[in-house]
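All values reported here derive from a predicted model rather than from experimental measurement.
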Amino acid sequence: MTAPQFHSTTHGRRIAYNRTMPEGDGANLPGIVFLGGFRSDMEGTKAIWLEAQARAEGRAFLRFDYSGHGQSSEDFLDGCIGDWAADAAEVIAAQSEGPQILVGSSMGGWISLLLARERPELVAGLVGIAAAPDFTEDSMWEGFSDKQRAEMEATGRVALPSDYSEEPYIITARLIEDGRRNLVLRSPLKLPFPVRLLHGTEDTDVALSVPMRLISHAEAADMRLTVMKGADHRFSAATDLHLIWGAVSEVTESLG
């Protein structure tokens with residue numbers, strides 16, 4: 001594990017990040033930023049593998065932990081989509097040069113779309129891996145039983161079982177309420193750059209209908225979806241990783 005550097009945000013949060021500087025011909029290409037998923041961190045398989053690919057091609061690469069994730073400051077339960085999008089915007093603006101190719105995994109796909117809407121000057125292109133826009137509303141809240149909604153109203157939180165940890169997911173009222181203020185599939189969404197979406201047929205966390213809905217909703221001239229047979233939500237098998245890098249390369253080529 002490489003020791004991270006830290007960026008202090010205007011909100012007083014310390015965001016851990018690792019930055020690979022461009023070299024040679026790669027310095028002339030847009031940098032790449034990896035945005036991780038809900039409760040994940042920048043030491044995951046996809047982030048590390050993509051960083052190695054970028055380094056091999058002399059490309060700038062940035063990975064980081066949202067507040068409450070990984071090695072960054074704050075408590076996870078205090079965070080929400082708006083906070084994490086603000087973290088992303090600040091660290092990208094401070095630690096990269098020019099528009100970047102955003103590679104967003106799961107929740108990172110939602111964060112990437114928020115940046116494309118709110119900070120378009122930061123975005124040259126986008127690769128979504130099992131992207132999960134609006135999941136707090138369409139997956140979590142819509143999936144709650146009447147009992148869980150009553151529990152949320154009474155206590156401000158609900159515990160959900162996790163497929164990735166023995167510890168349950170604690171979903172807070174703040175996460176749900178803030179998510180509603182940051183939905184991207186209910187209002188115009190312009191994506192005036194190359195977009196590549198990747199999704200697996202065995203993804204049990206984000207339905208294939210989600211990227212299909214995104215394609216139908218967004219205003220984009222160059223947007224494509226690739227469905228990988230057998231891939232799950234992690235999208236971390238060797239074939240999946242090469243597909244991700246292929247999408248990054250395709251976006252780069254489309255930018256000329």
Side-chain angles (χ1 to χ4, degrees), residues 2-23 26-38 40-44 46-47 50-51 54-55 58-74 78-129 131 133 178-179 181-184 187-196 218 220 248 251-252 254-255:
T2 304
Q5 294 178 281
F6 289 89
H7 173 82
S8 295
T9 73
T10 55
H11 298 87
R13 300 188 285 266
R14 292 183 76 238
I15 304 304
Y17 72 91
N18 274 289
R19 181 185 183 191
T20 299
M21 299 298 290
E23 299 177 358
N28 299 319
L29 299 174
I32 302 160
V33 180
F34 183 81
L35 297 96
F38 187 67
S40 67
D41 61 52
M42 65 173 171
E43 299 297 332
K46 292 187 290 293
L50 291 170
E51 181 183 65
R55 184 179 289 111
R59 301 281 295 273
F61 188 89
L62 176 67
R63 55 188 171 95
F64 63 93
D65 290 330
Y66 312 109
S67 52
H69 292 68
Q71 300 174 74
S72 290
S73 69
E74 313 309 317
D78 293 333
C80 59
I81 300 298
D83 290 345
W84 301 327
D87 294 341
E90 287 204 34
V91 74
I92 292 170
Q95 304 302 332
S96 61
E97 297 181 6
Q100 304 289 293
I101 296 174
L102 306 185
V103 181
S105 176
S106 193
M107 182 183 77
W110 185 0
I111 301 293
S112 298
L113 294 168
L114 281 169
L115 294 180
R117 186 176 71 184
E118 307 297 335
R119 297 292 302 274
E121 75 279 5
L122 299 177
V123 187
L126 194 156
V127 175
I129 309 165
D178 176 82
R181 293 190 289 271
N182 287 285
L183 301 175
V184 295
S187 57
L189 181 62
K190 295 183 179 181
L191 305 176
F193 42 69
V195 178
R196 300 294 180 266
V248 171
V251 168
T252 302
S254 296
L255 292 170

Might you point out which heavy atoms bring [X] and [Y] nearest each other, and give the distance in Å?
| X | Y | answer |
| --- | --- | --- |
| S96 | R19 | CA-NH2, 4.3 Å |
| Y66 | G36 | OH-O, 2.7 Å |
| F38 | H69 | C-NE2, 4.1 Å |
| V251 | G125 | CG1-CA, 3.9 Å |
| A16 | F6 | CB-CE2, 3.6 Å |

Side chain to side chain contact (heavy atoms under 4.5 Å, CB included) partners of P22, counting only residues at least two apart: A27, A60

Side-chain donor/acceptor of [X] to backbone N/O of [Y], under 3.5 Å:
| X | Y | answer |
| --- | --- | --- |
| S72 | G68 | no |
| D178 | I81 | yes |
| R59 | P30 | yes |

Could you measure the distance from the [atom1] atom of [X] to the [atom2] atom of [Y]? Nearest 0.5 Å is fine.
| X | Y | atom1 | atom2 | answer |
| --- | --- | --- | --- | --- |
| S67 | D78 | OG | CG | 9.0 Å |
| M42 | L35 | CE | CG | 12.5 Å |
| F34 | L62 | CZ | CG | 11.5 Å |
| E74 | D83 | CD | CG | 8.5 Å |
| Q5 | H7 | CD | NE2 | 12.0 Å |
| R55 | T20 | CZ | OG1 | 4.0 Å |

Got F64 and V33 here, is their nearest side-chain heavy-atom distance under 4.5 Å? yes

For the residue pair E90 and H11, establish whether any side-chain heavy-atom pair is separated by less than 4.5 Å.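 Yes. Closest side-chain heavy atoms under 4.5 Å.
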
Scan residues 99-123 for pairs that pass salt bridge (charged side-chain N to carboxylate O under 4.0 Å, His left out), counting only residues two or more places apart or in two chains.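 Applying salt bridge (charged side-chain N to carboxylate O under 4.0 Å, His left out) to every pair that reaches into residues 99-123, excluding sequence neighbours, yields R119-E121.
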
Test log, rule salt bridge (Lys or Arg N to Asp or Glu O under 4.0 Å), inputs E43 and R63: CA-CA 9 Å; E43 299 297 332; R63 55 188 171 95; 3.2 Å; yes

Under 3.5 Å, side-chain donor or acceptor atoms of residues 100-116 against the rest of the protein: list the pairs with distances, not counting sequence neighbours.
{"from": "Q100", "atom 1": "NE2", "to": "E97", "atom 2": "O", "distance (Å)": "3.0"}
{"from": "Q100", "atom 1": "NE2", "to": "G98", "atom 2": "O", "distance (Å)": "3.0"}
{"from": "S106", "atom 1": "OG", "to": "H233", "atom 2": "NE2", "distance (Å)": "2.9"}
{"from": "W110", "atom 1": "NE1", "to": "N182", "atom 2": "O", "distance (Å)": "2.9"}
{"from": "S112", "atom 1": "OG", "to": "G108", "atom 2": "O", "distance (Å)": "2.8"}

